[in-house]
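Order of the sequence lines sets the chain letters (A, B, ...), proteins ahead of strands, with each chain counted from 1. On a predicted model such as this, the values are computed, not experimentally measured, just so you know.
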There are 2 protein chains.
Amino acid sequence: MTRTKTFHHGNLRRALIEAALNLLDAEGSAGVTIRAVAAKAGVSHAAPANHFRDRKALLTAVAKAEFEQISEHINSGLASRTKDRARIFLDTIANYAFAHPNRYDLLWRSDLVDHADADLAPLLDSLYASLCTELAREPNHAGRDIDTVAVALWSMMHGYVALRLSGMFEPAEDRVTGEPRYDALMSLLLPAAKPASSRMGKRSARKP
Amino acid sequence: MTRTKTFHHGNLRRALIEAALNLLDAEGSAGVTIRAVAAKAGVSHAAPANHFRDRKALLTAVAKAEFEQISEHINSGLASRTKDRARIFLDTIANYAFAHPNRYDLLWRSDLVDHADADLAPLLDSLYASLCTELAREPNHAGRDIDTVAVALWSMMHGYVALRLSGMFEPAEDRVTGEPRYDALMSLLLPAAKPASSRMGKRSARKP
DNA sequence: CTTGAAAATTGACACTGTCAATATGGCGCA
DNA sequence: TGCGCCATATTGACAGTGTCAATTTTCAAG
């Protein structure tokens with residue numbers, strides 16, 4: 001507590017992040033103005049400047065908090081499960097995206113979030129490494145680069161979610177299997193990642 | 001010409017779209033302000049209001065022009081080719097994205113572009129239908145829904161491009177095959193789309 | 001207590017999108 | 001030819017934005 005807690009407002013930083021998150025859910029990222037956030041936290045319009053260099057820094061902090069939340073969801077979902085762990089990893093993110101579209105949209109808005117931020121970047125690296133770890137544990141990845149499989153899975157999940165949220169692709173299901181489209185996509189790609197026998201690799205696609 | 005051409009400026013509408021495109025390339029979508037576009041076109045700050053209801057309408061027109069451009073690139077790339085036509089379709093969009101990142105970013109920014117616009121939506125439908133047509137022409141899609149394959153391919157392409165442009169995933173290549181990551185992703189998914197024998201379907205995933 | 005620095009406020013600035021009121025120009029019609 | 005009309009463009013204004021400088025408030029260490 002040498003730095004946080006106590007003082008005029010009593011940890012305004014966290015209050016600002018929470019206010020920003022509420023505005024984000026209610027009005028989208030465009031509604032998260034510094035002045036609106038400050039008002040919601042009950043301080044003057046210039047108060048946030050003491051805790052965040054500019055609007056991008058504030059939104060980057062929000063994104064960091066959300067990526068941490070996602071990580072926790074993944075870890076708790078993964079606990080005690082031993083099968084299809086990579087699939088659970090991806091499903092957790094996709095479910096989060098459809099449950100909180102405004103938040104997910106912010107996470108990848110590179111004009112609003114600094115993905116190279118010293119606090120945020122390690123979280124992204126860690127998430128990616130986590131997916132690779134799960135993939136490496138699974139059996140048959142015959143002659144497949146783990147990174148390639150990880151990037152393929154994450155790309156397809158993100159692409160489908162992003163295009164859905166943009167209005168492309170209506171919610172639909174596979175006409176032959178009848179399962180939700182998202183599941184059909186995973187059923188299509190996951191078997192391709194492990195064709196026959198076994199042999200594995202390490203990871204290093206992100207920031208190599 | 002009953003409406004366009006002639007008058008004070010001589011088709012200001014097109015000039016504004018071109019000015020917006022220049023600003024988009026140079027400064028990103030945030031730099032495309034109505035006032036900057038107007039200045040670049042040599043008119044006053046309120047002149048664009050006669051041609052576009054608001055900023056979103058202007059940017060939607062820019063997006064429409066770009067989707068038309070992409071369509072042309074696809075059609076000219078497809079002309080006279082008979083093999084891997086779906087692959088060419090996807091590659092054309094991916095190449096466009098990496099060549100013009102600011103433009104590609106705009107295309108899917110649903111806060112800046114109205115994807116349900118009466119002029120734009122048919123273009124998106126047409127593009128999607130075009131991919132489905134190419135897939136339907138290809139041989140073995142054993143027991144696979146064409147829509148599911150189309151959505152899978154487009155999702156993976158878009159997801160990879162979007163995440164690359166956001167800073168996730170550095171450019172890299174498959175460690176076992178040595179090919180560029182994008183090609184490795186396609187090599188992974190394309191064979192999965194056509195496992196063994198044949199049988200086909202129709203299309204209807206977008207706006208069903 | 002005093003004092004000094006962190007935190008918060010106030011006020012200002014340039015910039016944005018958009019609206020209302022006004023001016024301008026070209027075309028149809030007499 | 002000249003008149004008038006309406007689409008087009010301009011000017012001016014407004015509220016709202018992020019950010020900066022100057023000032024005041026508050027806490028805690030000395």
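Asp117(B) has no carboxylate O lying under 4.0 Å from a charged side-chain N of Lys56(B), or vice versa, which leaves the two without a salt bridge. A salt bridge does not link Glu18(A) with Arg14(A): every distance from a Lys NZ or Arg NE/NH1/NH2 to an Asp or Glu carboxylate oxygen is 4.0 Å or more. Between Arg87(B) and Asp183(B) there is a salt bridge, since a side-chain N of the basic residue sits under 4.0 Å from a carboxylate O of the acidic one.
Bending across the helix from dC1(C)-dG30(D) to dA30(C)-dT1(D), expressed as the angle between its end axes from five pairs apiece, amounts to 10° (10° rounding).
Tested against Ile17(A) for a side chain to side chain contact (heavy atoms under 4.5 Å, CB included), the candidates Asn22(A), Leu59(A), Val62(A) yield a single pass: Val62(A).
Here Thr33(B) lies in heavy-atom contact (under 4.0 Å) with sugar-phosphate atoms only.
In this structure, Leu23(A) atom CG and dG18(D) atom P are separated by 11 Å, rounded to whole Å. Rounded to whole Å, atom P of dT17(D) lies 15 Å from atom CG of Leu112(A).
A donor-acceptor contact under 3.5 Å is not formed by the side chain of Arg35(A) with the base of dG16(D). If you check distances only, the side chain of His45(A) never reaches the base of dG16(D) with a donor-acceptor pair under 3.5 Å.
Contacts with DNA chain D (heavy atom under 4.0 Å) in residues 48-57 of chain B: Asn50(B), His51(B), listed by number.
For Tyr104(B) and His100(B), the ring centers are positioned 6.0 Å apart or more.
Listed nucleotides: dT9(C), dG17(C), dG18(D). Nearest to the side chain of Ile34(B): dG17(C). For Leu12(A), counting side-chain heavy atoms from C-beta on, the closest listed nucleotide (dA8(C), dC19(C), dA9(D)) is dA8(C).
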Evaluation steps, salt bridge (Lys or Arg N to Asp or Glu O under 4.0 Å), between Asp114(B) and Arg53(B): CA-CA 12 Å; Asp114(B) 178 14; Arg53(B) 188 180 312 278; over 6 Å; no

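Inter-residue side-chain proximity for Val37(B) and Phe52(B) is flagged as unmet; no heavy-atom pair is nearer than 4.5 Å.
Closest non-hydrogen pair, Leu12(B) versus Ala47(B), comes out as CD2-CB, 4.2 Å.
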